[in-house]
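Letters A, B, ... are given to chains in the order of the sequence lines, protein chains preceding strands, and every chain is numbered from 1. Only a predicted model underlies this, so the values are computations on that prediction, with no experimental measurement involved.
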Amino acid sequence: MNPESDEEFLERAKAEIRSEAARLEDRPLLERRAPSQQPTHSSASDGIEHNRLDYGIGELTDLHHRAFAEQAFRALLKRRPEQRELDAQLALLARGATKAEVLGNLRYSAEGKRIGTRVGGLLPRYATAKLRRIPVIGYVFDWALTLAGLPLVVRHQRATEALFAAGDAAAADADRALSARIDTLDATSAALRTWLGQLQSSAEALGVAQNALRVRTETLESATETHRGRLDELDFLRQRLYALNHWMHHLNLAFAEIENVAAQSDARRDAAAANVALASVGRDATRAARNEAWANQFFERVPDGGSVLALACASDWLALLAARGARVTGAQANAALAESSRNADVVIEPVSEREALRRIADASLDAVSVLAFSALARGMPAIDFIGEARRVLRPRGALMIAFAREPEALVDALTSHGAAALDPDLIASALAAAGFTDVTRADADDGTPALFARNAAS
Amino acid sequence: MKIAMLVPALGERDAIGTDALEMSAALGRMGHDVRLFAAVNTTGMAAASPDAIDAFVERNDDVLIYHFAFGWPPGVEILKRVRCRRVVRYHNVTPPEFFGGWSEEYENACRAGREEIAVLAALGCELYLGASPFNVDDFIEAGVSRERTAVLAPFNRLSRLIETPANLDLLNELSDETTTWLTVGRLAPNKGHLDLFDAFATYLDRCDARARLLVIGSEDARLSRYNEAIREKIRSRRIDAHVRFLRGVDDSVLKAAYLAADALVSLSRHEGFCVPLAEAMALGTPVVALDRGAQAWTLGGAGLLWSEPDPSLTAAAVERLRADGKLRSVLRDRGFARVATTFAPDALEAQLATVLGAFR
């Protein structure tokens with residue numbers, strides 16, 4: 001069998017925990033205890049065997065004096081004696097009472113009877129002790145018993161003498177051991193005095209260190225206080241920051257709403273102007289012939305399938321360029337005009353002319369055309385446009401600039417932006433100055449000015 | 001490479017401040033020219049005003065790292081106008097629902113912060129760097145493509161915690177036979193303290209009547225209703241004598257608590273990362289947690305994770321951890337491995353170098 005992987009082990013443990021959790025409520029409710037509370041000691045630690053109710057008399061009489069009396073209470077009454085109770089039993093023994101009488105007094109007291117401890121051999125001994133207490137009869141009985149037991153008493157006497165002799169010898173040994181121990185303690189005491197002196201020196205050094213620590217602690221407490229002040233300050237600043245965030249958020253929402261309304265208004269205005277401009281262009285009878293003528297001249301300078309950026313022009317010009325095989329890209333920021341220029345063969349960038357030029361890499365176009373140069377010049381200075389045209393056109397790339405009334409120029413006029421008045425000859429001079437070659441002016445039959453030029457060879 | 005580290009409020013011991021400071025140090029070690037910018041700075045570190053950020057990151061190939069954890073419109077404006085590459089370091093914003101009925105101020109601030117996620121997503125920043133996959137999901141849901149996101153756990157203070165000696169007085173005090181539960185984190189509604197107290201009361205009633213619960217975390221005066229609810233819960237479950245709050249603790253006390261605890265219990269319902277889980281793993285303390293937010297990812301299989309805050313389940317999990325040495329050992333080994341591979345300073349530094357490698 002494969003050993004269980006950690007993953008399997010964890011899954012099994014979790015399953016077992018789940019089933020244990022389901023059974024948790026079936027457990028008895030525990031009584032709360034404070035966490036620091038120590039467990040109660042077991043009853044055996046005080047020497048009382050609560051469950052034991054059967055003793056032999058020898059177990060209880062082997063001990064002597066106080067130890068005997070205390071053990072009698074623990075065995076027969078299952079408790080420790082109070083001091084007065086202990087004193088009374090010791091006085092009884094001092095007056096010559098037998099141990100059996102003391103044990104019997106306890107066992108056959110009301111408390112002892114209630115507990116009912118059995119002590120083998122106690123009853124006859126206790127009865128004999130009590131019989132001796134009866135006046136006259138007890139005295140005779142005591143004499144008779146004493147005489148009968150005299151040989152035994154003499155034997156006990158000899159044994160006691162031997163025991164005392166042994167005890168004397170043991171005491172002498174103990175005395176010698178004690179003297180030796182006292183000598184050792186004297187030596188130890190002298191050593192301790194020496195150590196004590198050293199400890200006092202160390203304590204003095206510790207006192208110095210303690211003072212230094214106290215100073216340091218006070219410094220640290222002061223620093224802590226300062227730090228706490230800074231934390232309070234942080235809390236205050238955070239509260240202000242949260243509030244400020246909330247206000248700023250709502251302010252931004254309000255601004256966004258205002259901008260949205262303004263943008264919608266602009267869009268409506270641009271759409272209306274674009275509709276008017278497109279209608280006006282549609283009524284221009286000379287437009288088609290003019291564009292056709294310009295296209296002929298333009299494509300003399302554009303290679304087959306060349307890339308053309310057509311700016312500030314209407315959809316008919318874009319379509320004308322595409323029809324002649326050019327890859328045409330236009331730019332129209334006005335959404336309505338951009339929509340009117342939508343053509344499957346033309347890419348319309350929904351951005352301004354400046355942005356459209358900015359996105360084009362250096363020397364990557366074959367031609368650039370601008371039909372309404374005045375409209376373009378409103379969004380970017382003519383000189384900037386000429387510079388950008390130089391940059392995006394390939395060497396010998398074609399540039400056409402016309403000054404027609406294209407929809408963009410009409411929209412500008414309608415929306416009061418106004419159109420820049422530009423002199424075609426001035427622009428021609430600027431082109432030549434910027435490095436364009438073959439700059440020629442080719443006005444249309446209706447007099448609309450137009451310029452053609454080529455980018456420098458390198 | 002010039003790298004600007006922008007933090008609205010820079011604090012030394014909070015998770016965001018620690019991440020920003022340690023990340024700056026790591027980038028500095030990599031040889032970058034790093035500078036901190038903060039509107040509020042309570043650390044001893046030098047940090048410039050956010051107004052100076054444009055003059056520092058002026059080139060297209062410079063980098064701005066913006067630490068985002070709550071709404072801050074000036075941060076959005078800075079991201080809009082700078083010309084350098086932009087990284088949004090996302091620590092998560094707690095959804096406002098968690099504060100409903102507890103604090104209107106927090107509810108509004110969190111709502112503004114959550115709404116700012118969409119604003120930041122629309123900016124098209126070069127990288128959205130979440131502290132966990134859970135955080136990254138917020139930006140993916142807001143329209144950011146997955147290719148523009150990455151996960152990097154927060155830089156942290158685990159090394160310092162490991163090296164700091166534990167407070168011996170507290171350690172001695174807690175080293176008895178009593179079960180010790182531990183929870184770490186500020187007292188806030190999303191942290192699940194009320195569920196935790198229910199689970200702990202169940203443990204006292206059925207498993208160990210002498211158990212204790214250590215709660216390490218600061219109270220927020222603006223959450224007074226929640227604070228009172230906690231006190232009422234403790235009274236009603238009669239666990240006053242068993243719950244001990246430790247506030248303003250230093251690293252030595254924090255470490256002693258982790259070492260003495262039988263388990264770190266986190267029933268938090270929303271976490272963008274949960275630093276205490278990483279701390280517990282680093283110190284070998286077993287973890288019992290709720291599978292919400294980023295907690296599953298942070299643990300990486302090194303803890304007992306449950307999908308519901310069932311008091312009996314939490315209590316039984318702690319009891320099992322007390323009794324099962326093998327379970328503790330397996331979780332401890334996994335936790336150490338998780339920290340070493342993902343949260344240790346050198347691991348984080350290597351991950352950061354990989355993430356920023358695309359910017360070279």
Side-chain angles (χ1 to χ4, degrees), chain A residues 4-40 220 223-224 226-253 255-256, chain B residues 8-9 11 39-40 42 70-74 76 105-106 108-109 111-113 115-116 119 173-174 176-180 202-212 220-222 238-239 241-242 244 248 301 304-306 310-317 319-320 324 326-327 330-331 333-334:
Chain A
E4 189 180 41
S5 70
D6 282 353
E7 205 62 51
E8 291 165 339
F9 168 71
L10 284 175
E11 283 307 312
R12 181 170 59 79
K14 289 183 75 171
E16 289 168 0
I17 290 169
R18 278 190 185 282
S19 64
E20 194 56 44
R23 292 196 299 269
L24 216 54
E25 292 295 319
D26 299 335
R27 293 188 194 177
L29 204 57
L30 300 174
E31 188 183 344
R32 298 272 171 86
R33 294 180 188 173
S36 56
Q37 187 177 330
Q38 298 300 315
T40 54
L220 283 173
T224 305
T226 309
H227 195 59
R228 190 174 295 124
R230 293 182 69 187
L231 284 176
D232 291 344
E233 186 185 347
L234 172 63
D235 200 38
F236 174 78
L237 288 172
R238 279 196 173 144
Q239 287 185 30
R240 297 283 79 77
L241 199 58
Y242 284 134
L244 200 60
N245 285 345
H246 185 54
W247 299 333
M248 288 296 291
H249 173 68
H250 285 281
L251 199 59
N252 278 350
L253 289 180
F255 280 144
Chain B
V40 177
T42 58
F70 54 84
W72 190 50
V76 176
E105 182 183 353
Y106 264 115
N108 289 333
R111 183 173 295 111
E115 286 169 0
E116 215 164 80
V119 176
E173 192 182 332
L174 300 178
D176 53 18
E177 287 304 306
T178 302
T179 312
T180 301
T202 301
Y203 189 81
L204 283 174
D205 287 341
R206 309 292 177 180
C207 304
D208 180 357
R210 286 198 301 270
R212 68 166 70 84
D220 188 331
R222 286 163 296 168
R238 298 185 303 107
I239 56 177
H242 301 263
R244 184 168 167 189
L304 295 176
L305 203 64
W306 306 107
D310 175 8
S312 295
L313 202 51
T314 308
E319 186 180 50
R320 177 65 179 258
D324 190 338
K326 183 182 176 189
L327 181 58
V330 168
L331 293 179
D333 289 347
R334 287 180 156 217

Pick from A/His250, A/Glu31, A/Lys14: which one has the most heavy-atom pairs with chain B under 4.5 Å? A/Lys14
With sequence neighbours excluded, tell me which residues meet side-chain contact (heavy atoms from CB on, under 4.5 Å) with B/Asp324. A/Phe9, B/Arg320, B/Lys326, B/Leu327
Side chain proximity check, B/Cys207 to A/Leu24, heavy atoms < 4.5 angstrom: yes
So B/Trp72 and A/Met248, do their side chains get closer than 4.5 Å, heavy atoms only? no
At a heavy-atom separation under 4.5 Å, does B/Leu331 approach chain A through its side chain, its backbone, both, or neither? side chain
Tell me, side chain or backbone of A/Asn252 under 4.5 Å from chain B's heavy atoms, or both, or neither? side chain
Measure the shortest side-chain to side-chain distance between B/Asp205 and A/Arg32 over non-hydrogen atoms and say whether it is less than 4.5 angstrom. yes
Tell me, for B/Glu115 versus chain A, whether the close heavy atoms (under 4.5 Å) come from the side chain, the backbone, both or neither. side chain
Option in B/Ala109, B/Pro73, B/Ala241 with maximal non-hydrogen atom pairs under 4.5 Å from chain A: B/Pro73
What part of B/Arg334 gets closer than 4.5 Å to chain A, counting heavy atoms only: side chain, backbone, both or neither? side chain
Can we say B/Arg212 and B/Glu173 salt-bridge, meaning some charged N sits less than 4.0 Å from an Asp/Glu carboxylate O? no
Residue B/Arg244 versus chain A: region with a heavy atom under 4.5 Å: neither
State plainly whether the residues A/Arg23 and B/Glu319 are in salt-bridge range, i.e. N to O under 4.0 Å. no
Can you tell which part of A/Leu251 gets under 4.5 Å to a heavy atom of chain B, answering side chain, backbone, both or neither? neither
Contact class of B/Thr179 relative to chain A, heavy atoms under 4.5 angstrom: neither
Identify which part of B/Ala211 has an atom lying under 4.5 Å from any heavy atom of chain A, answering side chain, backbone, both or neither. backbone
In terms of heavy-atom pairs under 4.5 Å with chain B, the winner among A/Glu16, A/Glu20, A/His227 is A/Glu16
Is it the case that atom CZ in A/Arg12 sees more than 12 heavy atoms from other parts of the structure closer than 6.0 Å? yes
Can you list the residues that meet the side chain to side chain donor-acceptor pair (under 3.5 Å) rule with B/Asp310, with sequence neighbours excluded? none
